[in-house]
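For reference, the structure discussed in these notes is given below.
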Amino acid sequence: MKRTSVGDIKNLEGKEVELAGWVHARRDHGKIIFIDLRDRTGLVQIVFTPAVAGAVDLRLEYLIRVSGLVKKRPDSMVNDKLPNGAYEVEAKTLEIMNASEATPIPVDSDGYDINEESRMKYRYLDLRRERMQRNIRLRHEVSQFMRSYLTERGFWEIETPMLTKSTPEGARDFLVPSRLQPGKFYALPQSPQQYKQLLMVAGFEKYFQIARCFRDEDPRADRAYGEFTQLDLEMSFVTQEDILALAEDLFTKLVEKVFPDKHISQSPWPRISHKEAKAKYGSDKPDLRKEKNNPDELAFAWVVDFPLFTEQSEEDFFHGSGSAKFAPSHHMFTAPHPDDIPLLDTDPTKVRGLQHDLVLNGYEVGGGSIRIHERDIQEKIFNLIGFDEHQKGEFTHMLEAFTYGVPPHGGIAPGLDRFLFAVLGEKSIREVMAFPASAGGQISVMDAPSDVDPKQLNELHLKITKE
Ligand code: AMO
């Protein structure tokens, strides 16, 4: 017999079905034993009479296979709150496929009150809870929607290297030692920024990637430690307006399809200049919800007209020589507003950048810009942010690429995790990631990072010197 998903039970009254899933709850009424059986599609009540052997042995989280008859429950027993609340399955056979120890954390609650360390250590159990199953499913639906939306509009999904060179987005890099080139290191990309621009030079015109980004920076509720995912996209021959229009349409349709219960508070999305955002809301990512307690309201907004530079601070973990006064407010590839180019020589702080931030309910959900595609302007920016010859040398490939018929281009990279976190109103970004690192940077379930065999270190020409 073919396995039936629990979610299909409501359409199968009077049919014999075979189900396989976990014992979610158990109620022993003497002769009759009721089990709530769970698979990823939901819950259904199974009724075991004494005619079926083995039901007394069942414990929570046992994995079982049951065959039986789908029946309508008596009217008085119907539970309207559950999708299968009007039906139950009268068991004919039972097989315990795999028993379970008592789980170290409960999986039948929303999980918020369980200590996070235990949740992370037993993440494979934690993920069984309904809320986490829903979050991970929605994440899949969101990325699937993005893929097909962009594919239908002529974008190509192109992968870019993970073992690469530093792409400075303002955080520390993760380094990977090279075995074949002793003493040299790859950096894991903080984003595919340089590669996507090189893909525009290569003539692909419309690129996207559901891209993994690596940043060694302190985590926050809305910021994952170590790695996170962006919908990275880039287009040639476009204006900033084209990019905003595309992203706005994508997210509007995405919300309609994947989050039909949510409503977007204002459409078209308001556009606010950086200056106005700071002056009026005291934030460059204002929360524009009319009713802050309404979990279904989505207040998208664009923040534009950023200054190209901010004053460089001591802590700026940035590549400037230290003597420079300016740091890019977005990144060093953002184009200055064409009207402001003369100001680069006279008053750089007054130069506006063609940057755009996508804001949702007070979170920065995406950032992007029109890029510099002219070598001399790129060099000028490098100088203004205080790059010495060596630092400029690290970007020779970009400067050189900019000498071969480069199309004007620009793009944006909404954070997938950040978006889901904001839409779902989750307490932490880790609630929308399957295996997030803890605040201390551990992947507890695998106990990473870990010591390595001295042989491996030798091969990499590395020596650990502990203080
Ligand atoms: P930026 O650095 O602004 O731009 O990142 C874009 C978006 O990525 C998400 N994000 C994060 N999400 C979770 N955890 C983090 N640690 C984290 N850091 C960033 C946010 C953010 O808005 N290359 C440029 C994009 C471009 O110019 O096209 C970039 O990476 O949602």
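Both ligands and their constituent atoms are indexed starting at 1 by order of listing. Quick caveat: nothing in here was measured; it's all calculated off a predicted structure. Sequence positions, counted from 1, serve as the residue numbers for this chain.
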Which bit of Met433 gets closer than 4.0 Å to ligand 1, counting heavy atoms only: side chain, backbone, both or neither? neither
Looking only at the side chains, is there a donor atom on one of Gln197 and His373 sitting less than 3.5 Å from an acceptor on the other? no
State the atoms of ligand 1, each with its element, that fall below the 4.0 Å cut-off from a heavy-atom position in Arg371. 26 (C), 27 (O), 28 (O)
Check this for me - ligand 1, Ile429, N or O atoms closer than 3.5 angstrom, yes or no? no
Closest non-hydrogen protein atom to atom 29 (C) of ligand 1, residue and atom name please, with distance? Glu169 OE1, 3.5 Å
The one among Tyr225, Phe228, Tyr363 that brings a heavy atom closest to atom 12 (N) of ligand 1: Phe228
Report yes or no: does His331 have a heavy atom closer than 4.0 Å to ligand 1? yes
Taking the basic N atoms (NZ, or NE/NH1/NH2) and the acidic carboxylate oxygens, is any pair closer than 4.0 Å for Glu157 and Arg147? yes
Flag the pair Tyr62 / Trp22 as yes when their ring centroid distance falls below 6.0 Å, and as no otherwise. no
Contact (N/O only, under 3.5 Å) between Gly411 and ligand 1: no
Can you find an N/O atom of Gly366 closer than 3.5 Å to an N/O atom of ligand 1? yes
side-chain contact (heavy atoms from CB on, under 4.5 Å) evaluation trace for Leu63 with Val23: CA-CA 7 Å; Leu63 182 72; Val23 174; over 6 Å; no
Hey, is Ser191 touching ligand 1 through its side chain, its backbone, both or neither, going by heavy atoms under 4.0 Å? side chain
Val365: heavy atom below 4.0 Å from ligand 1, yes or no? yes
protein heavy-atom neighbour closest to atom 22 (O) of ligand 1 works out as Glu364 OE2, 2.5 Å
For the ring pair Phe419 and Phe251, is the centre-to-centre distance below 6.0 Å? yes
Electrostatic pair Glu426-Arg131, nearest N-O below 4.0 angstrom: yes
Identify whether NZ of Lys or CZ of Arg in Lys427 sits under 6.0 Å from the centre of the six-membered ring of Tyr112 and within 45° of that ring's axis. yes
Using a 4.0 Å cut-off to any heavy atom of Gly368, which atoms of ligand 1 qualify? 26 (C), 27 (O), 28 (O)
Consider only side-chain N and O atoms of Asn135 and Glu431, and report whether a donor and an acceptor are under 3.5 Å apart. no
Please determine, by modelled atom types, if Ser444 and Tyr122 share a side-chain donor-acceptor pair under 3.5 angstrom. no
If you scan protein heavy atoms around atom 4 (O) of ligand 1, the nearest is His330 NE2, 3.8 Å
Nearest heavy atom to atom 2 (O) of ligand 1 wins, so pick from Lys196, Arg223, Arg215. Arg215
Which protein non-hydrogen atom lies closest to atom 14 (N) of ligand 1, naming both residue and atom, and how far is it? Ala224 N, 3.0 Å
Identify the protein heavy atom lying closest to atom 6 (C) of ligand 1, giving its residue, its atom name and the separation to 0.1 Å. Ala413 O, 3.1 Å
Mind checking whether Gln193 has an N or O less than 3.5 Å away from an N or O of ligand 1? yes
Using a 4.0 Å heavy-atom cut-off, say whether Ile412 meets ligand 1 through its side chain, its backbone, both or neither. backbone
Could Arg137 and Glu141 be called an ion pair, given the rule that one side-chain N must be under 4.0 Å from one carboxylate O? yes
Salt-bridge contact Glu234-Arg371 (side-chain N to carboxylate O under 4.0 Å): yes
Partners of Arg153 by salt bridge (Lys or Arg N to Asp or Glu O under 4.0 Å), sequence neighbours excluded? none
Applying a 4.0 Å heavy-atom criterion (strictly less than), which segment of Arg418 is in contact with ligand 1: side chain, backbone, both, or neither? side chain
Can you tell which of Gln190, Glu234, Gln230 gets a heavy atom nearest to atom 30 (O) of ligand 1? Gln230
